[in-house]
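The next block holds one structure in the form of structure tokens; read it before the comments.
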Amino acid sequence: MLEDKTPQRTDIASLGEFGLIQHLTEHFNIHHSSTVKAVGDDCAVLDAKGLKTLITTDLLVEGVHFNLSYMPLKHLGYKAVMVNLSDVYAMNAEASQITVSIALSNRFPLEAVEELYSGILLACDKYNIDLVGGDTTSSTKGLLISVTAIGHADEKKITYRNTAKENDLLVVTGDLGAAYLGFQVLEREKQVFEVDPNNQPDLDAYTYLIERQLKPEARKDIVKILNDLEVVPTSMIDISDGLSSEIIHICTQSKVGCNLYEDKIPLDPQVISVCEEFDLNSTTVALSGGEDYELLFTIAQSDFDKIKGNPHLTVIGHMTDANNGMNLITRGTNQAVPLTAQGWNALLDKNEEN
Ligand code: ADP
Ligand code: MG
């Protein structure tokens, strides 16, 4: 379906390792004065100038975290950067550098790696990130990509998961559940394609969902918005596994409970209509879907007036005493249902049973 049918295949061995690294990294620009030395020596050298340094890393493995039959390599490169930047923004910090390490089997020609790096380059230019290093090696089977992101922040602004307080408001950015549904749509089209390769999928009704799955955006803008509004969240996390499990992380680590209101969960209209088509409950999808890369945070009630009316931010609940537990307050019936930490894998398994 979306498989890259690149006609030209240049053997990577023809460039040699140094030639390859040089070729892949030559178009990357340096955006930050904190980058003293980027690619080309034994180490990168950074100077954070009094700010604290934040580091996060993620390893993505073909067949486990991504499937190249519907994930174009350019999108994979972009997404691999996004998932790491999202972790930096989730600390209320500015992301400034990345390193990228790849392991390639001989199935990948130079053109494929160029595609991957074009996505990485796009992400770096759009998010103002310097590529400062990495490693390149071979694998016996498949593709591995590991990105490490480095960020900086004033110590007073760094926001952890374990510092939410009772009575704080629980706030989420953007809308939820779309990335999971995008994955479901792509899986379905892949199966249709396997049966009939001439079948051209009509994906117009799913554009937002597919984009959220294939080209997620990390919420750099939120760090700036919060800074401009002079709001420092009391706790923050990014939503990679699903709203429910992220709320549970904040509550457990902060030793508080929470009430999450079902009718407040922000959903895109496309999520609502495709949930009906797939016979899925939209609340379940938002709670357990994952890969939304939105930010979930808590603020003191006294900061409510500052965020009120911001179109990117939705108050979805409040923190309580730990004895209250972590509850979903249902729409209409106002029942308190305990939240469970189902990731999207659990959701998938459930679908397969049906
Ligand atoms: P070493 O042998 O010291 O590990 P390498 O030959 O692996 O050095 O890397 C040379 C330089 O190129 C280093 O600055 C390294 O960080 C960078 N580099 C290597 N692979 C990549 C990659 N895939 N992407 C970006 N930079 C890379
Ligand atoms: Mg190396």
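For the single chain, residues carry numbers from 1 onward in sequence order.
- Around atom CD of E230, no more than 12 heavy atoms belonging to other residues, nucleotides or ligands sit under 6.0 Å away.
- Put simply, the side chain of L143 reaches to within 4.5 Å of the side chain of L73, judged on heavy atoms.
- Among residues two or more places apart in sequence or in another chain, the side chain to side chain contact (heavy atoms under 4.5 Å, CB included) test is passed with T35 by I30, H32, A38, L46, Q97, D130, V132.
- Formation of a donor-acceptor pair under 3.5 Å by the D41 side chain with backbone atoms of C43 is not found in this model.
- Atom CG of D221 has more than 12 heavy atoms from other residues, nucleotides or ligands within 6.0 Å.
- Residues that satisfy the side-chain hydrogen bond (donor to acceptor under 3.5 Å, both in side chains) test with T57, not counting sequence neighbours, are T148.
- Evaluation of the side chain to side chain contact (heavy atoms under 4.5 Å, CB included) rule for S101 yields D135, S146 as partners, not counting sequence neighbours.
- Side-chain contact annotation: S288 with S244, donor-acceptor N/O pair under 3.5 Å absent.
- Taking 4.5 Å as the limit, some side-chain heavy atom of I21 sits within range of a side-chain heavy atom of E17.
- In this structure, K157 does not pair ionically with D154, as no charged nitrogen and carboxylate oxygen lie closer than 4.0 Å.
- Taking every heavy atom of both residues into account, E217 and Y78 meet most closely at OE1-OH, 2.6 Å.
- The hydrophobic clustering, which links ILVMFWY residues whose side-chain heavy atoms are closer than 4.5 Å, places M82 and L54 apart.
- With contacts defined as side-chain heavy-atom distances shorter than 4.5 Å, the pair L116/F108 does not qualify.
- Taking hydrophobic clusters as Ile, Leu, Val, Met, Phe, Trp and Tyr residues chained together by side-chain heavy-atom distances below 4.5 Å, V83 does not share a cluster with Y180.
- By the 4.5 Å heavy-atom criterion applied to side chains, C275 and L181 are counted as neighbours.
- Looking only at distances, no side-chain donor or acceptor of T56 sits under 3.5 Å from a matching main-chain atom of V88.
- Residue A286 comes nearest to I265 through the heavy atom pair CB-CG2, 3.7 Å, listed as atom of the first residue, atom of the second, then distance.
- Taking D228 as the reference, K224 meet the salt bridge (charged side-chain N to carboxylate O under 4.0 Å, His left out) condition, with sequence neighbours excluded.
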Legend entry - Test log, rule side-chain contact (heavy atoms from CB on, under 4.5 Å), inputs K190 and N67: CA-CA 11 Å; K190 182 171 155 250; N67 184 331; 3.7 Å; yes
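- Apart from L59 itself, the hydrophobic cluster it occupies contains V61, V64, L144, where clustering links Ile, Leu, Val, Met, Phe, Trp and Tyr at side-chain heavy-atom distances under 4.5 Å.
- Checked by atom type and distance alone, the side chain of H31 pairs as donor or acceptor with a backbone atom of I129 at under 3.5 Å.
- The main-chain N or O of G317 is never found under 3.5 Å from a side-chain atom of N259 such that the two would form a donor-acceptor pair.
- Note: F28 and Y117 have perpendicular aromatic rings, judged against thresholds of 30 and 60 degrees for the angle between ring planes.
- Residues that satisfy the side chain to side chain contact (heavy atoms under 4.5 Å, CB included) test with E114, not counting sequence neighbours, are H23, L110, E111.
- Between the side chain of E262 and the backbone N or O of R331, at least one donor-acceptor pair lies under 3.5 Å.
- Rounding to the nearest 0.5 angstrom, the gap separating the CE atom in M319 from the OG1 atom in T298 is 6.0 Å.
- N84 places a side-chain N or O within donor-acceptor distance of the main-chain N or O of A80, the cut-off being under 3.5 Å.
- Put simply, the side chain of E246 gets close to the backbone of S240: a donor and an acceptor are under 3.5 Å apart.
- At least one donor-acceptor pair closer than 3.5 Å links the side chain of D196 to the backbone N or O of N198.
- In this structure the side chain of L15 never reaches within 4.5 angstrom of the side chain of Q22, judged on heavy atoms.
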Inset, instruction - List the steps, then state whether side-chain contact (heavy atoms from CB on, under 4.5 Å) holds for E115 with K74. - result: CA-CA 5 Å; E115 272 293 299; K74 182 173 181 178; 3.7 Å; yes
Inset, instruction - Would you sort out whether I222 and L313 count as a side-chain contact (heavy atoms from CB on, under 4.5 Å), showing the intermediate values? - result: CA-CA 9 Å; I222 300 298; L313 308 177; 4.1 Å; yes
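- Considering CG of L121 and CD of E26, their distance stands at 11.0 Å, rounded to 0.5 Å.
- A donor atom on one side chain and an acceptor atom on the other are not found under 3.5 Å apart for Q213 and Y70.
- Annotation: K156, atom NZ; neighbour count of heavy atoms from other residues, nucleotides and ligands within 6.0 Å does not exceed 12.
- A donor-acceptor pair is defined here as one N or O able to donate and one able to accept, closer than 3.5 Å; no such pair exists between the side chain of Q253 and the backbone of R161.
- When all heavy atoms are compared, the tightest approach of A164 to I250 is CB-CG2, 3.8 Å.
- Shown here is K215, whose NZ atom has more than 12 heavy atoms of other residues, nucleotides or ligands within 6.0 Å.
- By the 4.5 Å heavy-atom criterion applied to side chains, R212 and D292 are counted as neighbours.
- Looking at heavy atoms from C-beta onward, R107 lies in side-chain contact with E62 at the 4.5 angstrom threshold.
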Inset, instruction - Run the numbers on I299 and L229 for side-chain contact (heavy atoms from CB on, under 4.5 Å), then give the verdict. - result: CA-CA 12 Å; I299 58 166; L229 293 172; over 6 Å; no
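- Closest of all the heavy-atom pairs between K220 and Y127 is NZ-O, 3.3 Å.
- Contact record, T252 with I248: OG1-O, 2.5 Å, taken as the closest heavy-atom pair.
- In terms of heavy atoms, A149 sits closest to L85 at CB-CD2, 4.3 Å.
- Residues Y206 and V192 do not share a hydrophobic cluster, clusters being chains of Ile/Leu/Val/Met/Phe/Trp/Tyr side chains in contact below 4.5 Å.
- For the residue pair E294/T173, the side-chain donor-acceptor check at 3.5 Å is satisfied.
- Under the 4.5 Å side-chain heavy-atom criterion for Ile, Leu, Val, Met, Phe, Trp and Tyr, L176 and Y261 are members of distinct hydrophobic clusters.
- Within a 6.0 Å sphere centred on CG of N281, other residues, nucleotides and ligands contribute more than 12 heavy atoms.
- Proximity of L226 to T159: side-chain heavy atoms (C-beta onward) are nowhere separated by under 4.5 Å.
- Once rounded to the nearest 0.5 Å, the distance linking CD1 of I237 with CZ of F297 reads 13.5 Å.
- Looking only at distances, a side-chain donor or acceptor of D168 sits under 3.5 Å from a matching main-chain atom of K165.
- When hydrophobic clusters are built by joining Ile, Leu, Val, Met, Phe, Trp and Tyr residues whose side-chain heavy atoms come closer than 4.5 Å, directly or via intermediates, L260 is grouped together with V271.
- Rounding to the nearest 0.5 angstrom, the gap separating the OG atom in S34 from the NZ atom in K49 is 6.0 Å.
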